Amino acid sequence: MRACSGSAVSPASAFERAEAPNGRPVARVLLDSALPQLDHLFDYAVPDELAEVLRVGQRVRVPFRSKDRKNFGYIVEFAERSEFSGSLAPIADTVGTVPMLTPEIWRLARAVSDRAGGSAGDILRLAIPTRQVRVEKQHLAASAADAEAVRPAGAGPEGGGSAGEGSEGGGSAGEGSEGEGSAGDVSEGDATGLPGTGGLEAPAGTPEAAIAAELVTGARLAHLASHGPERLETGEWVGGWAAQLAKIALAVFELGRSAILVVPDYRDLDQLRDALAALGHEETIRVDSRQSNAERYAGFLRALDAEPRIILGNRSAVYAPAHRLGAIIVWDDGDPLLAEPLAPYVHARDAALVRASLRGEAPLVDEGDEGAPRPGLLFASHARSAEVQRLVEIGYVRSQLNPPRRTRVIHADSSMTPDAFAGRVPEYAARTIREGLRSGPVLVQVATPGYAPVAVCVECGDLARCAACAGPIGFRVVGRASCRWCGEYAADWRCPTCDGRRMEERGMGSARTVEQFERQFEGARVILSDGEHPRERIDARPALVVATRGAEPLAAGGYRAVVLLDAERLLGLESLRAGEDCLRWWENAAALAAPDGRCLMASGGGPVVQAFVLGQTEQWLRGELRDRQALRYPPAVRVASVSGGPAEVERALAQLDGLSGVDRLGPTPIPPGGPANTPRGLVRAIVRFDYARGDEVARRLRGALVADAAGSSARSRGRQPGRARPEALRLRFDDRGVFDG
DNA sequence: AGCACGCCGACT
DNA sequence: GTCGGCGTGCTC
């Protein structure tokens, strides 16, 4: 029935499922606008001629600012009466017939933006792609044909859906039994003989099925994935994590629920897509920043259908609409790619947490998503983030107990290899590399891309700095020195200390490492993979792969050895998260080794290296979190940065007076210039607050921002047009970089 | 962003 | 008493 047989149940169209005015004369509309003052619902009259075609979630054009100026927006709800004292203007027009904003996504956008001090419209821009009329027509024609083919039996649009609803009733309360019951339905579903479901193995009884069964009852889990690649039935290799998450997502799907898989980058997407395809699931909806608009919109429309789907995408996939969402699965939430660079800068992890906490309470129409229980939440990774560790420690997320399989790690510290450098690597590491190369590929992870990260004066040895911006000079390419900040070539460089004219390379970038390896391991095939030229996959033949962190290719069968270089350099990065990031980079690299391969930590020492070598990363993380608790650093507390003109910032901070659990650092001047070319005279303060205070802090700072924006039109008059006021108040919540200087 | 409204100074 | 400039605030 419902699950895999989704398309056998004539699915009511999104239009039919959405709430109609039903005689109510008022429509509440969220306008498309970036202005914070307009981030609330505006009431409009439902005109008689549109009463039949208006639906909740629909895109509309409404008069705004004057009778004949029109603005786009979404209908969020209908109401009997309006609180607005003036007379209501009527909705002018509809945009298509598809209700694009589901009630769930509206509540999600509102909750997420409230938490981050931003506008709901900014979230909706991530959630809803731009409409493509051609794509929409195609989709509507196709689903009309589908419905036509199935409906004649006389089954109402609710037939299949409500059957599912019945067994779901106690879902959020029950534990395992609910999962078994539903899993039993699946084999019946297979009997419908639908295309695409034939080859699926019902994974009942597997650990993945057990996790899925928990997820659909609303469980929140943290899971450490085992190291090692896995060969798919198609012959392709993917990370074992991808094979496992694909099975979990598929098991959720077979319980009649949608699953959303959120991953950092497109290489992760490809692996999961392949793993799902190998399990027989080809209908995955992809949400990907590299897609064309038409592709994105087509996928979006499919996600709106009244059928469970597996949705696979990068950070904005967390906002995808989904029918009866059963699980949100986030892979490697510590990866900075999951941090949204657009306002209001909400991390996909936080959006997932909010989405998984929303329980449907709104009145339902038909078998709408509101009726479904809360989705489950799964954070999976090879290395836990401090944020998820915190969630585990406060008991909000449950840690999976089964210990992951881990590549054997060897530490070749300086005591083992007393300065025996024969080239780029110590002799012990060189031996490991040579041994590995006899039977397969070897991975060497290095800290820095390019040729050499640093240039120094040949005469006095001082660091070379850019004449234009004072940034550090390095060699991205052999012989070509350029500024690492602004990219300016250092052609006529002069040492400010000794007036020397020549500089030389210091340190080892990936390109220089390749150069050295070609000498040190003569005859070996040396392959470079870095951010600029990433290699996604390599074959099983012997090769020495030099990769920067995060750009390691997947090797068929896994690497014979994984060698981690430059630990001191990575740990020396001036970041609050340096230790946590290192553990993630190292664990992810070690996971690429073959089951009988080795991981060699070639240098370094100290607690982080020790934790990695001994496999005691959770203990280290616990200690780290305790330290941050004591220092009031995130994620033990939340932070918000408040920047702008000194007066504006002071006004905003004054709103927080008298709130307990809140303290502030600064304001301090923001240095003008820099990478973002900050204008002179701006200041920034950092507000730290307990999680319990988050709603209140966001509400008050947001209030200050709205007031500032409202008064801004007056103050900005007479200024050069087009440019935003530089001293305007800016808010940024939970910025991971605030303490990194 | 653009428009209306109101407060205040200057002028027939 | 009234016209109009400009600063302020609202937009259903």
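Just so we're clear, the structure is a prediction, and the values are computed from it rather than from any experiment. First the proteins, then the strands, lettered A, B, ... as listed; each starts at 1. Basis for what follows: all heavy atoms, side chains included, without hydrogens, waters or symmetry-related copies.
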Item to check | A:Gln37 CD - C:dT8 P separation (whole Å) | outcome: 16 Å

Checklist entry - How would you list, by chain and number, every residue that makes a ring pair (Phe, Tyr, Trp, His ring centres under 6.0 Å) with A:Tyr266, sequence neighbours excluded? => result none

Next on the checklist: Does A:Leu38 reach a base, just sugar-phosphate, or nothing at all? Heavy atoms under 4.0 Å.
Outcome noted: base

Checklist entry - Under a 4.0 Å heavy-atom cut-off, which of residues 41-49 of chain A touch DNA chain C? => result A:Phe42, A:Asp43, A:Tyr44

Item to check | Atom pair distance, as rounded to whole Å: CZ in A:Arg61 and P in C:dC12 | outcome: 15 Å

Checklist entry - Under the salt bridge (Lys or Arg N to Asp or Glu O under 4.0 Å) test, which residues partner A:Asp690, sequence neighbours left out? => result A:Arg632

Checklist entry - When you check the gap from the basic side-chain N to the acidic O, do A:Asp32 and A:Arg59 get nearer than 4.0 Å? => result yes

Next on the checklist: If I take atom CG in residue A:Leu35 and atom P in nucleotide C:dC12, what distance separates them, rounded to the nearest angstrom?
Outcome noted: 14 Å

Item to check | Between C:dC12 (P) and A:Arg69 (CZ): distance, integer Å | outcome: 12 Å

Checklist outcome for this item: From NE2 of A:His40 across to P of C:dT11 the rounded distance in Å is 8 Å

Next on the checklist: Could you work out, with salt bridge (Lys or Arg N to Asp or Glu O under 4.0 Å) as the rule, every residue matching A:Asp734, not counting sequence neighbours?
Outcome noted: A:Arg115, A:Arg638

Item to check | Those residues that, when tested against A:Glu136, pass side-chain hydrogen bond (donor to acceptor under 3.5 Å, both in side chains) (two or more places apart) | outcome: A:Arg131, A:Tyr297

Next on the checklist: Using whole Å, what does the distance between atom P of nucleotide C:dC12 and atom CZ of A:Arg28 come to?
Outcome noted: 15 Å

Item to check | Spacing of A:Phe64 atom CZ relative to B:dC3 atom P, expressed in whole Å | outcome: 13 Å

Checklist entry - Can you list every ring pair (Phe, Tyr, Trp, His ring centres under 6.0 Å) pair that touches residues 32-72 of chain A, not counting sequence neighbours? => result A:His40-A:Phe42, A:Phe42-A:Phe64

Next on the checklist: Using whole Å, what does the distance between atom P of nucleotide B:dA1 and atom CG of A:Leu31 come to?
Outcome noted: 16 Å

